There are 2 protein chains.
Amino acid sequence: MAVTLKDVAERAGVSTSAVSRTFTEGASVSSKTRAKVEKAAKALGYSPNALASSLTTGRTKLIGLVSNNFHNPLFLEVFDRFTRGLQDRGLRPLLVNLRVEETDPEASVRMLRQYSVDGAIVASSTLPPSFAEAYRAAGIPVVHSFGRFTTAPQVHVVGIDNVACGRMAGEALISRGYKRVAFLGGPEQATSTQDRALGFMAALREHPEIEVSASYASAYSFDAGRVEMTKLLMQGPAEAYFCGDDVLSIGALSAVQEAGLSCPGDIGIIGLNDMQMSGWQNINLTTIRQPVAEIIGASIDLVVGTVEDPTRHPETRLFPCKVIERGTLRALG
Amino acid sequence: MAVTLKDVAERAGVSTSAVSRTFTEGASVSSKTRAKVEKAAKALGYSPNALASSLTTGRTKLIGLVSNNFHNPLFLEVFDRFTRGLQDRGLRPLLVNLRVEETDPEASVRMLRQYSVDGAIVASSTLPPSFAEAYRAAGIPVVHSFGRFTTAPQVHVVGIDNVACGRMAGEALISRGYKRVAFLGGPEQATSTQDRALGFMAALREHPEIEVSASYASAYSFDAGRVEMTKLLMQGPAEAYFCGDDVLSIGALSAVQEAGLSCPGDIGIIGLNDMQMSGWQNINLTTIRQPVAEIIGASIDLVVGTVEDPTRHPETRLFPCKVIERGTLRALG
DNA sequence: TGATTTTTTGCAACCGGTTGCAAAGCGCCC
DNA sequence: GGGCGCTTTGCAACCGGTTGCAAAAAATCA
């Protein structure tokens, strides 16, 4: 069924090496044989088997794209950009969907090795660093995107500075004159939540006149945000909340509206991510934008660079975020 | 770096065949050598190279997952389920992200062949059937998920009956006593839009006393829905709309609310898909649910079945949809 | 024209596995 | 102990390519 190198060689009346060489960049072939080969190849509809060639070249052009964030709408955009970006460089994304409860990188390491991926991208803010580290230990060039900053990184990390974002959110609330503010985080054990809380609290420590509190939703989800905010409303809520992320924010927003309160009139909300729905006019969430395109571009650059030079030192690249003004926070002043 | 079959064989003091056989299901190995091999393999951290073995077995366990729907939030769930479902069967999804303007299957065919995928799944309601057909012509077992029903299918098609859905939407509006209804479709050239319109109109043809009209948004997107509905509101809108899909519906809903009108008080809306956000309480869209899990399960079954038996005849499997009652249509009566 | 250099070509080994085949090993029976 | 049938094993060829090397061909130079 499939047409092979040998078929083409036979038809073109040349050796298999000649055929192979016409299909490899920068190999030595005369234009005459190249023409013969290309003609035969076209006639037979030949396309080289990337996997067979990977055996000798050691390159599959396969990149493992590992994630467990298949519920956060932001990640549809993330997958879109990753797959496009990889394709544009002639690479192929091999998707690995980890269940959220998975904590052992072992199975995914084996998987990535079986398919001899050239590199891997861990795209998740909730997977522990041990995943990326396990891949690196297995000799796979890897970058952890949307990962956590560490001072002595073992692997490339690309993302945002969550502490700085927390601070930014705190300052946004302060500058709008709120006097009782709060953090509504994701799961307390998530490092992203911890860092965001840290920055938020740090900003507010400089304003002791402002009352501040914190609580945590059970997940980064709409329902969790809604449930938690409903609870807070019954206990007497703060004037404004920094919510762990946009989905959570929208859940909280929904609870506020359901309680017959207005946002930002009665309660202000600022989120984090700026996913597509946050800009929808009937949601219109004030939030902090994560520069997704830049993060993904840098991630791909890093993984490709490390494939080419495996001795390359681990880097951390953090991108600045910015507040997107919409309708869930009262005006500045 | 990588440890190979030969290394294991040497260490275990057996031939490479013995090692190969301990790792292939149902091969003839004594328990004694199996034990030796397994011990050596574990000590060296060996895992077989799936690509090398594919050379002789002809199976890569790679399935091409081809889509151009990276903007419809429903598809995050689709990708989640597909990747999980494939993984559960020991298969690996190789993601192919087609730009929406891509109309020539040629490049993707070549790609799928280069990586010798065992099969392919076209997951899109907007890609023309020519893609799946081109894959099949190239000898790749394929199923078109969320594709269009045809009477003489060349490839497996799994999805919903869009005509029936249109009818169902029409009947939902009729039974609620609306007297002036309309279809607000996606792009007019999309076959899914055409079919839904067809069914909708057919249902209303049985009720000549009801006034019916149709218009089309420029895309299946929030903005397109919002723009189109804004236009309709200025021209004097119908009492209730069947919108092409949920994103479109939410855009339309947003326009209604922005105009200071109430939904369902002034204008009713019913969507199609039942994506996650439609259930969010601050959206609360009445819609028709597409049984995504079933569609995906059947798609995987079909592609796996066809890999095992390539002579298998093309099938069409359509799943029934159902109306999900929420808050954007007036109560039955 | 012939010698020399450069380019092009094919041979054959190899990448990491699998598998048909025949030989070796084993258990069992007489 | 020898003969029989069944299981296990290793050899070697093969899957579809790539590549170092030396020979052949072409280009360059004197």
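Worth saying up front: this structure is predicted, and the values here are computed from it rather than measured. We use all heavy atoms of the structure for the numbers below, so side chains are in, but hydrogens, waters and symmetry mates are not. Labels below follow one simple rule: chain letters A, B, ... track the order of the sequence lines, proteins then strands, and each chain is numbered from 1.
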>> D104(A): which residues meet the salt bridge (Lys or Arg N to Asp or Glu O under 4.0 Å) condition with it, sequence neighbours left out?
In response: none
What's the [atom1]-[atom2] distance between [X] and [N], to the nearest Å?
X      : N       : atom1 : atom2 : answer
D7(B)  : dG17(C) : CG    : P     : 9 Å
E25(A) : dT19(D) : CD    : C1'   : 17 Å
L5(A)  : dC15(C) : CG    : C1'   : 15 Å
L55(A) : dG17(C) : CG    : P     : 9 Å
R59(B) : dC15(D) : CZ    : P     : 18 Å
K61(A) : dG17(D) : NZ    : P     : 15 Å

> How does protein contact run along nucleotides 5-14 of chain D, one letter per nucleotide 5' to 3', with B for base contact, S for sugar-phosphate only, - for none, heavy atoms under 4.0 Å?
Replying inline: ---BBBBB--
> With a 4.0 Å cut-off on heavy atoms, is S54(B) in touch with a base, just the backbone sugar-phosphate, or nothing at all?
Replying inline: nothing
>> Under 4.0 Å, counting only non-hydrogen atoms across every strand here, what does F23(B) touch: a base, just sugar-phosphate, or nothing?
In response: nothing
> At how many degrees, to 10°, do the end axes of the helix from dT1(C)-dA30(D) to dC30(C)-dG1(D) meet when each uses five pairs?
Replying inline: 40°
>> Quick check on E25(A): does its CD atom have over 12 non-hydrogen neighbours (other residues, nucleotides or ligands) under 6.0 Å away?
In response: no
Is the closest basic N to carboxylate O distance between [X] and [Y] below 4.0 Å?
X      : Y      : value
D7(A)  : R11(A) : no
E10(A) : K6(A)  : no
R81(B) : D88(B) : no

>> Test: side-chain hydrogen bond (donor to acceptor under 3.5 Å, both in side chains). Region: residues 55-65 of chain B. Which pairs qualify, not counting sequence neighbours?
In response: T60(B)-D118(B)
> What side-chain hydrogen bond (donor to acceptor under 3.5 Å, both in side chains) pairs are there with at least one residue in residues 122-141 of chain B, not counting sequence neighbours?
Replying inline: N68(B)-S124(B), N68(B)-T126(B), N69(B)-S124(B), N69(B)-T126(B), S108(B)-Y135(B), S124(B)-T126(B)
> Below 4.0 angstrom from OP1 or OP2 of dT18(C), is there any side-chain N or O of S20(B)?
Replying inline: yes
> For dG16(C), does OP1 or OP2 lie under 4.0 Å from any side-chain N or O of Y115(A)?
Replying inline: no
> Under the 3.5 angstrom rule, does the side chain of H156(B) hit a backbone N or O of E315(B) as a donor-acceptor pair?
Replying inline: yes
>> My understanding is that only residues two or more places apart in sequence, or in another chain, count here; which of them pass side chain to side chain contact (heavy atoms under 4.5 Å, CB included) with R113(B)?
In response: S47(A), V109(B), A138(B), I140(B)
